[in-house]
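What follows is one structure encoded as structure tokens, with my remarks underneath.
All chains are named by letter (A, B, ...) in the order of the sequence lines, taking the proteins before the strands, and each is independently numbered beginning at 1. Keep in mind it's a predicted model, so treat the numbers as computed, not measured. The figures that follow rest on heavy atoms only: side chains count, while hydrogens, waters and symmetry mates do not.
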Amino acid sequence: MLKKMGFAMNEKMMHIKIDNKDYEILEGTTLLAACRKAGIDVPALCYLEGVNEEAACSVCVVEVKGAKVLMRSCATLVREGMEILTNTARVRKARRMNMELLLAGHADDCFTCDRSQTCTLKKLAFNMGIREIRFPKATRVEMEPDASGYSLIRDPNKCILCRRCISVCAKVQSVHAIDVTHRGKASFVSTFMGRGLAHTECINCGQCLLVCPTGAIVENNAIDSVWKALNDKTRIVLVQTAPAVRAAIGEEFGMPAGSLVTGKMAAALRRLGFAKVFDTQFTADLTIMEEGYELIDRIQNKGPLPLISSCSPGWVKFAEHFFPGILENLSTCKSPQQMFGALAKTFYAQKLGVDPRKIVVVSVMPCTAKKFEAQRPEMNAAFTYWKSKMQLNEDDGFPDVDYCLTTREAARMMKEAGINFLHLADESFDEPLGVSTGAGVIFGATGGVMEAALRTTYEVLTKQPLGKLEFHDLRGMKGIKTAEVNINGLPVKVAVAHGLGHARHLMEEVQAGKSPYAFIEIMSCPGGCIGGGGQPIPTDAEIRKKRMAALYQEDEGKKIRKSHENPAIISLYKEFLEAPMSEIAHHLLHTHYAERTLGKEEFLLRTHQVQHTIEKEELRLEEHKESLKLLHDQLTTLNKNYLREQLAALSKNYLDSISFVSHELKAILSSLVINVYTIKEECLGEINPKQKKVFDSVARHLDYFSVTVRNFFDLGRIEKGELMLRKAPLSLKEDIFDASIEVFSKHANERGMKIVNSIEPGLKIDADADLLSVAANNLIGNAVKYGHDGGRIIVTAQSFDHRLQVEVYNDGRPISNSESDKLFKKFSRLEAPETKLSRGTGLGLFITKEIIKKHKGRIWAEAREAGNAFIFQIAKG
Amino acid sequence: MKIARIGELQRIKEKGLKKILPNKPRISIGLGTCGIGNGAMDVHQAFDKAFAKKKMDVTLTKTGCFGFCAEEPLVNIHFPGQPLVILHKVVPADVPSIVSMIAEEKIPFKKALCRIEEWDFITGRIVFGHGLSRIPLWHQIPFFSGQKKIVLRDCGLINPEDIEEYIAVGGYGPLHKALHEFSPEGVIAEVKKSKLRGRGGAGFPTGVKWELMRKETADKKYVICNADEGDPGAYMNRNEIESDPHMVLEGMMIAAFAMGADEGAFYIRAEYPLAVERLKQAIKSSREYGLLGANILGSKFNFDVTLVEGAGAFVCGEETALIASIEGRAGRPRPRPPFPAQKGLFGKPTNINNVETLSNIPAIMAAGPEWLMKTGTEKSVGTKVFSLVGKIKNTGLVELPLGTSLKTLVYNIGGGTGTDKKVKSIQSGGPSGGCIPVELFDTPVDYESLNALGSIMGSGGMVVMDEDNCMVDVARYFTEFTTCESCGKCTPCREGLFQALRILKAVTQGRATARDLDVLQALGEVISDTALCGLGQTGPNPILTTLKYFRNEYEAHIHSQRCQAGVCTELFLSPCENSCPLHMNIPGFAALLKEKKLPEAFESVLRDNPLPAVTGRICPLHCQKRCRREDVDEPLAPGEVHRYIADTVYQEKKETKIYNEILKEKFPPTHKKIAIIGAGPAGLTAAFYLVRLGHDVTVYESRPEAGGVLRYGIPEYRLPKAVLNKEVGFIKKLGVNFVFNKPVDVQEFKAIEKRHDAVFAATGAYKNMLLGIPGDNLRGVLSGTAFLEDVLTRKAPLIGKNVVVIGAGNVAIDAARTASRIGSSVTIVYRREKDDMPAHEDEICEAEKEGVRFVFLAAPKVIKADKKGAVKGIEVSKMVPGAYDLSGRKKPVATSEAYEIPCDTVIVAIGERVESGFLKEGGIILNNNGTVHINKATCQTNRFNVFAGGDLVLGPATAVEAMAHGKKAAAHIDWILTAQDRFDKLFKKFNYENEVPLETIEARGEPERLLDVKDRENNFCQVSLGLSRLQVEKEVTRCLRCDVKENGVCHE
């Protein structure tokens, strides 16, 4: 009867009614237990007696008279006079509804689910009469399964959040690798920071898998790999089976728990196609030899005591995580699985005379942690053994054990192969690696290793036969078991623990230096390997006991029950290993341990994460930059548009004024010029030289002034788009350039310049005479202005098909490239010595360019050896 | 300064009293979170500066909150010897004038809310002074009138940061009493005797809880105060701690002493920074004064407390989750037993009480358990503090004696919604409480009564909801909250609430089916029944109560895809369209008009509403009440807009083209015969749609012309008959057959039913209700509708010079204004007050302008006759307003006083009834009040081919609602006759810009143009002249275009 903490336990009987019938139930009993006692199977999903009492699933509700709401039978204790109803419409409605809600939240790929045949959820749904799920699917979070571990895969989408796995991990194993994170509908079972089982203290024991009511936790399946190996005819596939498998695999085929099926199992494995069917019990005996001698050695040589067994890979990882300080207490012996692998690929390969690489070692284990153990990088003794002998590279490395199957996986393979397991005749294991003793058998139960070791060490040390082989103190389901053996008058205390929660207590003692024991056996799983994470489901306390009994029964039936009496072991030492703890034995059968600091990994992982975050942030920053840039561009465009508009308004204003002013000035100027010249040329009478000088100066200024005004006038027209083209046929030389040269000839003469017009006479062109004259005047004028005294000005023209190219050359300082870029821009004047002397508006060439453009032509400047050429091309017509 | 003896406590008390009643003015500012939020800090600063500047000798201090949050910031002013005056809504700008008045020792009456002459602190009593009767006493203010301050006894009156002021009003006296005069068992006995129940919500007897804990033997025990107030909208605990932290602390000490605990913890929300700060301060000063620590007050009692800030998970209000949270684990509940009293914090016996429960303890110790039992009901003793929020005028903290009715809370104290919207429901107990409909507001507020309604007391949140709240959406909102806050441990809460939320979302989006409601109901029940903790068990309350009391709203969402409240945006175009019974595309025609597409606008209006010009004049404008423009300045006037559209189109003769187009689209003849009984708005509308669908439609009408109430009930000055003729004309033109002068009795009805494939009955409500008083059959007593019909049909009505109209509805006003136009002097007599009149506000206003007199609070008693047997006067009883009734109005109560109003005519317009006898005899099922029972979604009666609508179904309602029935019936008649979805093809999509005005320039609505009052005399000229073109053009630009949604989502 379950007694809740916090309650007085005075064994009082409570008088209650269940479905209107009277019962007497012990105080402290849950309603669930009471109902079950009354023969009513109240459905319960999350409840796991003594382990998971979270009352989460809400399926086991019953009606209690007087209570406002339905009560959870798993979490309510009987009270005097309580009236319980388990089968009312209200109860059924609530149970069904909650079940439907769970089913809606569960990814139901039942066809392909590992737990299809053993799913509690499915079974309950059927039993509760669920015919329809009234809710749309609402699986957890559409998350990827966590397949980071070597042994276990967790799929949150199949999880119904019953929390059994968490409770087993925390309460039974004291590992705390998983817990619920987030809240409400978003909650799910996860590892620390969600980084996957492989990166936690998970010891791969698989107890969570055993208690999971659905397929949310399954083993990392090796079936396909094994089939593949079996199909490969070039390879020799050996199989070894652990002691606990034979006491359980029958259950997979419907046999009652505790059925011992060693012979059928060997036969079935042979049918699957394994070349040899061997027994891990053989190496269990070998382990006892090595470990026994190690113990003897430590006792005699005051080595670190207690010696602690190391057969259970979950325990080894547990010690590496939580008790690094006691690693030297661990036996250096490998587990029987790994000893077998090492021997199969050395001793047995040699015996067969085959390349060890041809041999594939498959193990059938009651254990999920074995999958992890087999891939530990140091577990490659055979490779190390052969490496120098066969001159292998590091890359050629191979593990001692290739694939590990759980009991369940092995059974599934047999089912797939169509083997009628129940009708198979018993067969025996192959030799030599199949010969074992009773000592090897009991390895599968908690206390077995210790018992087997004591049988051997006692006899080796005392040289006397052990009177009674059974150590009953070390058997059974008690969490921590102890015994004392008198060896040569010396009392040797030993202890056995199964379930790592119990182991933790012993280890804390060891760590504190207070342990009174010489030898401690630890098995990760409750009950030892018979209760391992790879065993058939269900595996509960009752079933564990039955499987255990089967192993002890096999031990009793064995002729040889002590490891050191195993003839195959004796000959193995003789033929190959020399002696226990010999050098070769040390190489092949022993290993070492190291502290597993998640800290370091943690640090790296965290660093990685931080880096990742930084990168992400940088990326985001980049994006921000991008968008900022975009924004900036937009703003710029906006700005530009605004400026353009403003400018347009402004420039219209400016053009209007230019046009107006220049137009007005032009008229006044014309008359002014005429008048000044009339006076200057003395048409109105004589003037004295002083006056003439003044008038010369006035005329010069006026000339410049009129050119400027004209330029502005033209500019105004150009910018306002008023430059109208009035084309007419004309002759280039005569009509245009001769006239221009005429205008400037006086200036040219004054400076001793010579102007050559070598344009072909009569060269006809269709153009606007006025405009072209302006262009010609500008070009010739510039040539005169910027040419040096006494220089030449040459005007040439070349006629192409439709175009005409005119060049005005003058001697002078050649213009640099950067300067020539500026030449044709409005108001641009070169900062050059010659420009300082002459004044200009900086408009001439701009106007010229516009005129040429108007004629569908182009103009450019070319620097020559000792001068410059201004060249334009225009269309002829 | 450790207090060890009673004498020392007494000395500090005297010191504190001098602080509370100094011999100079004391000004204290309410600096609770509510006050600070309303700017009280600035007010405090302003006072500080002003006093410093003027170098005035006053005490400026702070207090907590006096409870009236809507009136914050509150400022207390007290001159020695005078009453304490509470000023309200004080802003910094008021300060200079207040300060100068203080300087002259004057009270700023303008800002005064109330005065307090003396105050019962329960642990002590203070007399502030007497006088100043100009200012109402505090409990004369409606908000405070029903309240009793036990928990809030000190709040807003003392400085929460000064332990000496707390001691001054008697604080820590009860602790001293408990320690020296009682044994722990004795204290528990007192608490048990007081029948105090846990104020955290569940209402477990506090004394019993303590006793269980006391019995536990352990080396260590804890007491915890739960101040993790996580309900949205509830802030009682915050305020209690902010305003009076020592009260809670003292309660906890007494509790610890009684239960044998020596350590306590406050679990308080980290989101309450001010409360945390004040509590820390209180703990600190308590330690300084030796009230925490060893040998408290000279006894052997040792006690100290820790303050734990909660991260704000709602579930941490549940005690086992709360304990887990304090222990540093995730806050998830665990099954009980073991109860915290057995295995609590760190495995030790632990007692958890709510802030308010503990606050009651010192009062009980001071005044005795019998004193507490005088307040409240037999089972629910004492008071409970509620935070009154939501659609309520007076928001604030209300401390009510348990057993007070919801009605008193909402109307007397809360002052109703404060708008013209009606209260619909109240949600008690936070997100996991239930929604109680207004019909049940007589319910007393106590633990059992609320539970019986499916709600809970909870921690005391009270959220008031009005017609603008969609109850489905309310359920969705609260369920979303609980879904988010579910810890995720147990199946029903984690998966169930999630699935419930899914269904609720589907309902609000119009995707749900009727079956979903059944599933939702069952789901809610199972979650309540099987969830692990209180959160889950009460989580479905909003769902279950709304399903129970507002199922019609769920059904409207599912069957008609309608959200009447206009909340579920997926279900409608815009709030105005949604509220329009005819579902006119208001933003659409406004947009068309804005784009100067008048003919399209008219077409859009006409297709939705066959009588646009008519309804534009008489519609009560449901749309306008929902217009979101109201939040900016004033609502749009869509009625005026479509009146303008129709009037203008008719004026410009642009309708012909559109009429022809509609005529052209007429469906080919179906050869189905449909009879419509009654040519009122419902019948005409049904005919308009059915005839266009190709059916053979015949309208049977008892009167000589079509229009029903529009023609025979609404006076010409409101609706010129020319307008009606124009629009009825088009319906005639569409090919509807009218059979006039054909009253339908049962034989005729049966014959009609036989001749036709479907019948739509819409005969309206004309039968006047009688007064049922002596003399109501005298000559000169007329019925309102008959009188109006006589005038409208140019029959000479027999009314005299002095007319009394009884009633306050639209018919009464119409009758009064008509009588006044004929030249009578008219008095309206109404038994309630003016604000209670059901008639349209504008109509009442116009009637007043036209000289109609009103006599309120007068109920007709007897109509007196002269010698000739004609009316000579009416004797009325004088009424006084009584208690609120469930409509939120004060119920008139007759006094013995009566007086006579002389008159020669009495027009009775107290409501109309339907005449549905012919249908009843014809086998149609009626409701109790004689209206026809129909399926609201289809207008179908119990016979599949007989439909009914309009007033015949609704009782007296509006024309537009009747038209909506006609429209709905037409759609379903067509569907049953043709089994095709053809109805939607009668409508058209128009193109217009879908642009939301980016900036909203405030522009108030255009004023209605009205006929001058003096021009209305002796004629029936139309009073409302509608809007001008310019006004309408301006009006349509004001539309906010709520119909424009991006990806189905409204613009922010």
Side-chain angles (χ1 to χ4, degrees), chain A residues 4-8 28 30 45-47 53-63 67-72 74-77 79 90-91 93-106 133-140 160-163 179-188, chain B residues 202 216 218 313-315 321 329-339 341-344 347 349 451 482-503 506 515-516 518-520 522-538:
Chain A
K4 287 271 176 180
M5 289 168 90
F7 276 83
T30 62
L45 202 48
C46 68
Y47 183 72
E53 296 171 343
E54 294 282 321
C57 75
S58 321
V59 170
C60 69
V61 289
V62 293
E63 203 171 324
K68 212 168 70 183
V69 294
L70 295 177
M71 304 302 285
R72 290 164 157 68
C74 69
T76 315
L77 301 184
R79 269 200 324 271
R90 183 176 163 206
V91 166
K93 173 181 158 193
R95 287 183 188 165
R96 271 198 192 181
M97 179 72 83
N98 284 332
M99 199 65 192
E100 279 179 51
L101 287 170
L102 283 174
L103 293 172
H106 172 77
I133 298 164
R134 287 170 285 178
F135 306 105
K137 268 274 161 250
T139 47
R140 201 99 289 118
I160 55 164
L161 283 166
C162 71
R163 288 147 210 259
D179 205 340
V180 173
T181 179
H182 291 65
R183 58 178 195 204
K185 182 61 192 164
S187 56
F188 58 98
Chain B
E216 291 294 322
F314 184 58
V315 73
R329 294 181 289 122
R332 294 194 185 99
R334 61 162 174 79
R336 297 173 300 180
F339 291 95
Q342 297 152 342
K343 251 171 89 80
N451 284 352
T482 38
T483 305
C484 286
E485 292 295 335
S486 163
C487 83
K489 186 167 178 176
C490 71
T491 310
C493 183
R494 179 186 69 235
E495 307 284 341
L497 286 174
F498 174 79
Q499 294 285 6
L501 180 61
R502 267 191 177 179
I503 297 176
R515 192 187 177 223
D516 283 336
D518 298 339
V519 175
L520 188 63
L523 189 55
E525 285 162 9
V526 170
I527 298 170
S528 293
D529 222 5
T530 62
L532 180 60
C533 78
L535 189 156
Q537 287 167 11
T538 54

Measure [X] against the heavy atoms of chain A and call it side chain, backbone, both or neither at under 4.5 Å.
{"X": "Cys484(B)", "result": "backbone"}
{"X": "Leu523(B)", "result": "both"}
{"X": "Ala330(B)", "result": "neither"}
{"X": "Thr482(B)", "result": "neither"}

Ser187(A) (side chain) donor-acceptor with Gly184(A) (main chain) under 3.5 angstrom: yes
If you round to the nearest 0.5 Å, how far is [atom2] of [Y] from [atom1] of [X]?
{"X": "Lys489(B)", "Y": "Arg163(A)", "atom1": "NZ", "atom2": "CZ", "answer": "6.0 Å"}
{"X": "Met97(A)", "Y": "Phe135(A)", "atom1": "CE", "atom2": "CZ", "answer": "4.5 Å"}
{"X": "Cys57(A)", "Y": "Leu102(A)", "atom1": "SG", "atom2": "CG", "answer": "7.0 Å"}

Examine whether an atom of [X] lies under 4.5 Å from a heavy atom of chain B, and if so say whether it belongs to the side chain, the backbone or both; otherwise answer neither.
{"X": "Val180(A)", "answer": "both"}
{"X": "Arg95(A)", "answer": "neither"}
{"X": "Arg96(A)", "answer": "neither"}

Pick from Leu101(A), Val59(A), Val61(A), Leu45(A) with the largest number of heavy-atom pairs that fall under 4.5 Å of chain B: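 Of the options given, most contacts go to Leu101(A).
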Between chain B and each of Met71(A), Arg90(A), Lys68(A), count heavy-atom pairs under 4.5 Å; write down the option with the most. Arg90(A)
Cys487(B) versus Gly331(B), closest heavy-atom pair with distance: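 Taking Cys487(B) first and Gly331(B) second, the nearest heavy atoms are CB-O, 4.1 Å.
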Highest number of heavy-atom pairs under 4.5 Å with chain A: which of Gln537(B), Arg515(B), Arg336(B)? Arg515(B)
Taking every non-hydrogen pair under 4.5 Å, which of Cys493(B), Ser528(B), Pro333(B), Pro335(B) racks up the most with chain A?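 Result: the option with the highest number of such pairs is Pro335(B).
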If the threshold is 4.0 Å, N to carboxylate O, is there a salt bridge linking Glu495(B) and Lys185(A)?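 Yes, Glu495(B) and Lys185(A) are salt-bridged.
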Salt bridge between Lys93(A) and Glu525(B), side-chain N to carboxylate O under 4.0 Å?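 Salt bridge: yes.
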Under 3.5 Å side-chain donor-acceptor pair for Ser58(A) and Arg72(A):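 Note: Ser58(A) and Arg72(A) side chains meet the donor-acceptor criterion.
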